[in-house]
Amino acid sequence: MIIGSHVSFGEEQLFGSLKEAISYNANALMFYTGAPQNTIRKPINKDYFDKAIALAKSNNIEFKNIVCHAPYIINLANRKEPEKWDFSINFLIQELNRCLELGVDKIVVHPGSSVGITQEEGINNIIDALNIILNKTKDVNILIETMAGKGNECGRNIDQVANIVNTINSDRLCVCVDTCHINDAGYDVNSFDKYLDEFDQKIGIDKIKCIHINDSKNELGSHKDRHENIGFGTIGFDALYNVLINKRLENIPKILETPYIEIDAKTKKPPYKEEIEMLKEGVFNPNLFK
Ligand code: FE
Ligand code: FE
Ligand code: ZN
């Protein structure tokens, strides 16, 4: 079982991220190189990076199970203001280069939102942007994430993702499947093999390089995108557990992005240690956070 969660990337960068993941008994992790809602980034610190390599090694965490996530303010679909589109492209190129420096070979990117244009136009802009980024970078794989279809989000169904992936046709362009997003997009996670069959037929299952395991606060097809703790949402524990142990996705990192637990009005704590333990046991505990 390759399982981890979203972790922070603070002063100590990947070294700190790894310490956090280890505290959750995880063997995979996902980080943003800075705040996801902005694009302020610090250079990679060599000393902390060396410490990160040693720590990963001594804890049997393989770098192929470390995933980066691009900030979600990046929008490759919207080209109305060309300087903003260019900024998004250049920022992602820098992110890929940071990944390269960190020895991380996967970055998850939200395809983008088609604000004021059609979804087709949005998708064409995304394809153009990704082609530029792939041409100007090397080695790091871009994983476009399956989206809930909130507002004007592109990548809301398998056909749209297929259009992007198959048009670009690069070994380095892959997919990250998010269980909350596909539920909200209208795909029933209780019949996940049916989803995988359609995915395989239209894109190819080998393109899936990361899975985000999240429950959802909203009903199937709600197009909302609000994550819930494992087993406490509308998807439920059994369906999510079956994704986790699905033989067709055996060696792919599974990442939790579930919400922090409120202890009191001022304090929240990460749910990941408890959720990982529960998933390893394979039995839902309704009193997990009590
Ligand atoms: Fe995401
Ligand atoms: Fe996600
Ligand atoms: Zn989400």
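We count ligands from 1, going down the list as the structure has it; atoms in each ligand are counted the same way.
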Is the shortest distance from a Lys or Arg side-chain nitrogen in Asp50 or Lys46 to a carboxylate oxygen in the other one below 4.0 Å?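 The answer is yes: the pair qualifies as a salt bridge.
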The Fe ion (ligand 1) as vertex, arms to NE2 of His69 and OE1 of Glu145: angle to 10°?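 Taking the Fe ion (ligand 1) as the apex, the two atoms subtend 90°.
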N, O or S from Asp225 under 2.8 Å to the Zn ion (ligand 3):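 Yes.
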Can the positive tip of Arg98 be found less than 6.0 Å from the middle of the six-membered ring of Tyr32, inside 45° of the ring normal?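 Verdict for Tyr32: no cation-pi partner in Arg98.
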Is the distance between the Fe ion (ligand 2) and the nearest N/O/S atom of His212 smaller than 2.8 Å?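 Checking the Fe ion (ligand 2) against His212, an N, O or S atom does fall under 2.8 Å.
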Among Ile255, Asn141, Leu143, side chain to side chain contact (heavy atoms under 4.5 Å, CB included) partner for Val108: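 That would be Leu143.
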What is the ring orientation for His69 with His212, classed by angle as parallel under 30°, tilted 30 to 60°, or perpendicular over 60°?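 Rings of His69 and His212: parallel, under 30°.
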Asp178: which N/O/S atom is nearest the Fe ion (ligand 2)?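 It is OD2, the N, O or S atom of Asp178 closest to the Fe ion (ligand 2).
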Looking only at N, O or S atoms in Glu257, which is nearest to the Fe ion (ligand 2)?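 Result: OE1.
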Using the Zn ion (ligand 3) as the apex, give the angle to atoms NE2 (His227) and NE2 (His181), rounded to 10 degrees.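 The NE2/NE2 angle about the Zn ion (ligand 3) sits at 110°.
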Measure from the Fe ion (ligand 1) to each N, O or S atom of His110 and report whether any distance is below 2.8 Å.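 So His110 counts as coordinating the Fe ion (ligand 1), yes.
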State whether a side-chain donor-acceptor pair under 3.5 Å links Ser114 with Glu121.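 No, no side-chain donor-acceptor contact under 3.5 Å.
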Looking at His6 versus Tyr272, is the centre-to-centre ring distance below 6.0 Å?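 No, the ring centres sit 6.0 Å or more apart.
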